[in-house]
Amino acid sequence: MFALADCNNFYASCERLFKPTLIGLPIVVLSNNDGCVIARSNEAKELGIAMGAPYFQIREKLEQNNVAVFSSHYTLYGDLSARVMTNLARFSPDIEVYSIDECFFSLSGFSDLKAYSDKIRSTVIQNTGIPISIGVAPTKVLAKVANKKAKKADGVMVLEGPAEISDALANFPIEDIWGIGRAHATRLLKLGIETADQFRKLPEEWVRREMTVVGARIWNELWGMSCIPLKMVLDPKKNMCTSRAFGKPIEEISELEQAAASYASRLAGKLRREKLCTNVLSVKLLTNRFGDSAAQYFPSLSIPLDYPTSNSVDLVKMAIRGVRRIYRRGYRYQKVEIMATQLIPESEIQMNVFTGHSTKKDKISKALDELNKYYGAGTVRIASEGIKQKWSLRRDFLSPHYTTDWNDIIKVG
DNA sequence: TCTGGGGTCCTAGGACCC
DNA sequence: TCTGGGGTCCTAGGACCC
């Protein structure tokens, strides 16, 4: 049996944890640049605030209803997520941390799954303050279904026998099935397939032909045949990307270079943290796709590197070179994407006799990491990243670093 | 003025090799 | 009328996830 634990309205719950005065009140959390809504407390959902709604369009409504608004604060959420996962790990030998707020784990060999899940749930809530729901079923796809049902029940739902499962699927909307996205849902709805139960009654061959093996796996999982195993060890990453919209549009190449340098440096840091090196660096510029009238331009360039690297100096240099190659005057750029592909572990690097590895550059990178870890991200930068970063993120409603910065720690009394 | 960011998997088609 | 066959690798694009 598989269990899925999912934190309720995770980001909103994290913000509320440190502001108990907000209990019972509506909360929303905004995306980077305070762009749109990415998390809502139940009270905010009840007000009819849609997921993904652009902030500037609903600002008045939020003010009228006294909704508490927060900029997203991933350091805080990451820290609280780790606490939840640590607690869950005490209850099962096999766990898969699936995302920042979700965790699959095996309950095979356990008895009285309802009572055990209730205990897990109350322990996590007690120890972390984050409310969670648990769904249990014979496959991952069914555990997802159970989890949705748990949210509407008392926080735990176990689906075990065939009759119980049929019942649960009978009125389960097709578009809510894990793995069926907008495109497939639209198509299936047109064919009159509206529920999970109708979907699994389609012939398997049809599903396989029209929705590839991915669809066939979901189909089998809905019949209780497990096809998606627990992933207890993470596969090594294949790509890594730093991409972020600017606080305001950029037209000048000098500012684009700064931003690209800055993103490349951040990317290099992420690579080093995961002990990976990249063979190819890609740079992409994007104009604002929502600006109907403005001219659009989405150039990109992949730069093969002479040797796999993760050092900031090399990657920043390449990113700037990329921007210079693809930049064209006359556009209002909204975003730059720096992507590293063909990643390999640091330990597997084949030395190139001619270019080799520069220990000096590696030492610079290491010093950067250590200084920034101690004094805070971005304290020491490469000069081309610029000092006055006019394009940097807008985060007008950022909460304090309650758990990750001594200066922001909660004071009692 | 303002509309997120970071990933994975699968397939099809082209290039290339023997 | 005829123009091999089979394999691998790479890339682009689509679909999906949280």
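Numbered from 1 within each chain, the chains take letters A, B, ... in sequence-line order.
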A/E221 CD to C/dC17 C1', in whole Å, measures 15 Å
The reported gap from OH in A/Y77 to SG in A/C7 (rounded to nearest 0.5 angstrom) is 13.0 Å
Worksheet entry | Ring-face cation of A/R200 near A/W223 (centre distance under 6.0 Å, axis angle within 45°) | yes
For nucleotides B/dT3 and C/dC18, find the distance between their P atoms and express it as a whole number of Å. 25 Å
* Asked: When the ring planes of A/F110 and A/Y116 are compared, do they come out parallel, tilted or perpendicular, using 30° and 60° as the limits?
  -> parallel
Hey, does the Lys NZ or Arg CZ of A/K119 hover above the aromatic six-ring of A/F91, less than 6.0 Å from the centre and inside 45° of the axis? no
Whether each nucleotide of nucleotides 3-16 of chain B has a protein heavy atom under 4.0 Å at its base (B), only at its sugar-phosphate (S) or at neither (-) is summarised, 5' to 3', as BSSSSSSSS-----
Taking pairs as Watson-Crick (N1-N3 plus N6-O4 or O6-N4) or G-U wobble (N1-O2 and O6-N3), each distance under 3.5 Å, the stems of three or more consecutive pairs with DNA chain B are B:5-18 with C:5-18
Whole-Å distance, A/K390 NZ to B/dT1 C1', equals 17 Å
Open item on the list: Heavy atoms only, 4.0 Å cut-off, all strands: where does A/L30 land among base, sugar-phosphate and nothing?
Closed with: nothing
Touch check for A/I177, heavy atoms < 4.0 angstrom, all strands: base, sugar-phosphate only, or nothing?
-> sugar-phosphate
* To do: Check whether any side-chain N or O of A/D405 sits under 3.5 Å from a backbone N or O of A/H401 as a donor-acceptor pair, and report yes or no.
  => no
Exercise for review: Could you tell me whether a side-chain N or O of A/H73 sits under 3.5 Å from a main-chain N or O of A/S399, the two making a donor and an acceptor?
Suggested key: yes
